[in-house]
There are 2 protein chains.
Amino acid sequence: MAVSLNERSSAELKVRKQRAPNSPPRGAPDRHAGQATRNSEIVYRDLRDAIVDVTLTPGTPLVEKEITERYGISRTPVREAILRLAEEQLVDVIPKSGTFVARIPVAVLHEAIVARKALEEACVREATAKASKSQIMELRAIIQREYELCASGDEQAFHDADNAFHAGVAAASGYPGIWSMIEKIRLQVERYRRLTLPQTGRMALIVAEHASVLDAIERGDAEAAVAAMNNHLNKLQIDIGTFRDLWPDYFLFDKK
Amino acid sequence: MAVSLNERSSAELKVRKQRAPNSPPRGAPDRHAGQATRNSEIVYRDLRDAIVDVTLTPGTPLVEKEITERYGISRTPVREAILRLAEEQLVDVIPKSGTFVARIPVAVLHEAIVARKALEEACVREATAKASKSQIMELRAIIQREYELCASGDEQAFHDADNAFHAGVAAASGYPGIWSMIEKIRLQVERYRRLTLPQTGRMALIVAEHASVLDAIERGDAEAAVAAMNNHLNKLQIDIGTFRDLWPDYFLFDKK
DNA sequence: TATGCATAACTAGTATACAAGATATTTTAC
DNA sequence: GTAAAATATCTTGTATACTAGTTATGCATA
């Protein structure tokens, strides 16, 4: 390829010292998509997971130096991880003072559920029109896995399968990217869910609800599919009142 | 050593070297919300705006050192800004190689429009039910401003007012946070819009469409409001075919 | 001239040192 | 004894030096 002159204009060829403008490397443009082994990525993932499953409770101070020592790395990648979390409003960083696990903003919580319902409704409606046979079979397989995990009682795996179902519906709708939007939204809601719901005995109900969504999709009944999905997601509805007294420090009530 | 005993429990007092756990500073918990003057924030904003209004075209290399010299600051804040852009998929950073303004992903573009419509539909429906008189008056004022800006032909200001209208609808719905979600989604679509539409003569149409949305909201006709909003947003629909040939390097066609 | 390889120049990733502000502690004044 | 001021010790923000990998360049070789 060194030999093969590509068809570019001579104007672009004139720039020799620098990389030719407007030409990202042709060879590996988004290999970067593969999981990065960057330290900041590891720290980010660990911290995010710990915050989401409430291992790190709201208000807990996050000291860069401490994390630095735990991982045996320098402050730079730790700092990058914390900045990402700050953007997702999972931590509050107060300049020159400290960084803390953010309290759960109840206003955002409510809006997140509304937004999720709106997005999933669009997905399920489109999936009803466009889902291929193979996609439906995949969804059926996920439901079967949920059924099995429900029997074995593996909550974590069940939860993963639950998400896989929703992601699968988004994929079947031709809007896989919308699921990644939902996942971002889901972070805050998930913190609440983990904090409040023991979730015992609800697994069987979820499986049934997923099945009724898929049934409607399969028979092409868009309105029924939407209704079933909305009914399913309505179970997320939060009742914050109870917890206002229990853990007042975990929540942020006043909208900023 | 501690002369002034505060009223804290002895359990908490045992931790002396560290700040007491689970206690973010009471005084200024979210003063951080005020606009930060951090250098990284300034660089981020400048770069983001330049990318969104296509001053920086897709594929343009972003050299940290160069930005460093332009602003007279060190690499650290520049790097933080670039990392934020990478998360929003506005730049691609290829380790040890280079950072480039991301090409516009057409698949994401399409999904972004679908998502926006879904979210705005939820907002406008709820706004019809909940909008206060004052909120409706504010929206009416925004439309009037649009009318005036349309006459004076100030595209940038009109565009801002356009956004203000949609934000106002979200506020009236009681879901102001959903507008910030939409704004994130809007970034990619905006790049496309700036690139393709001269947008001349469309301003008057937009004003009329906004007015018809607000009229429906005011008379409490949710379905009409939703229909008007969808009609309005449908104008965003993209026709990528034309531009595939014009600027093939600006777009990313294959879904990763 | 064409091809492969060594080398130089560049990039982003990381480590570390220092600066600036906030908080906690101690000292001092009354 | 109380309160206010001085000080020490935290924190995050920034600058800079260094590391490691990538890309371009030029030279040797056929």
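Every value quoted in this text rests on a predicted model; they were computed, and no experiment measured them. In what follows, chains are A, B, ... by sequence order, proteins preceding strands, each numbered from 1.
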Whole-Å distance between [N] [atom2] and [X] [atom1]?
X       : N      : atom1 : atom2 : result
A/Ile94 : D/dT11 : CD1   : P     : 14 Å
A/Ile67 : C/dA15 : CD1   : P     : 14 Å
B/Lys96 : D/dA24 : NZ    : P     : 17 Å
B/Glu64 : D/dT14 : CD    : P     : 15 Å
B/Glu69 : D/dA15 : CD    : P     : 13 Å
A/Glu41 : C/dT14 : CD    : C1'   : 16 Å
A/Lys65 : C/dA17 : NZ    : P     : 12 Å

A/Ile73 side chain: which of C/dA15, C/dA20, C/dG13 is closest?
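Side chain of A/Ile73 sits closest to C/dA15.
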When you measure from the side-chain N and O atoms of [X] to the phosphate of [N], is any distance below 4.0 Å, counting only OP1 and OP2?
X       : N      : answer
A/Asn39 : C/dG13 : no
A/Thr99 : D/dT12 : yes
B/Ser97 : D/dT23 : yes

Does the side chain of B/His166 come under 3.5 Å of the side chain of B/Glu183 through a donor N or O and an acceptor N or O?
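There is no such pair (donor and acceptor under 3.5 Å, judged by atom type) between the side chains of B/His166 and B/Glu183.
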Run the side chain to side chain donor-acceptor pair (under 3.5 Å) test against [X] and tell me which residues pass, sequence neighbours left out.
X        : value
B/Thr55  : B/Asp53
A/Glu69  : none
A/Asp46  : A/Tyr71
A/Arg145 : none

Cationic tip of A/Arg103 within the cone over A/Phe251's six-membered ring, i.e. under 6.0 Å and within 45° of the normal?
no
Of the residues in residues 74-86 of chain A, which ones touch DNA chain C at a heavy-atom distance under 4.0 Å?
A/Ser74, A/Arg75, A/Thr76, A/Pro77
Sequence-distant partners of A/Glu138, salt bridge (charged side-chain N to carboxylate O under 4.0 Å, His left out), two or more places apart:
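Here no residue qualifies.
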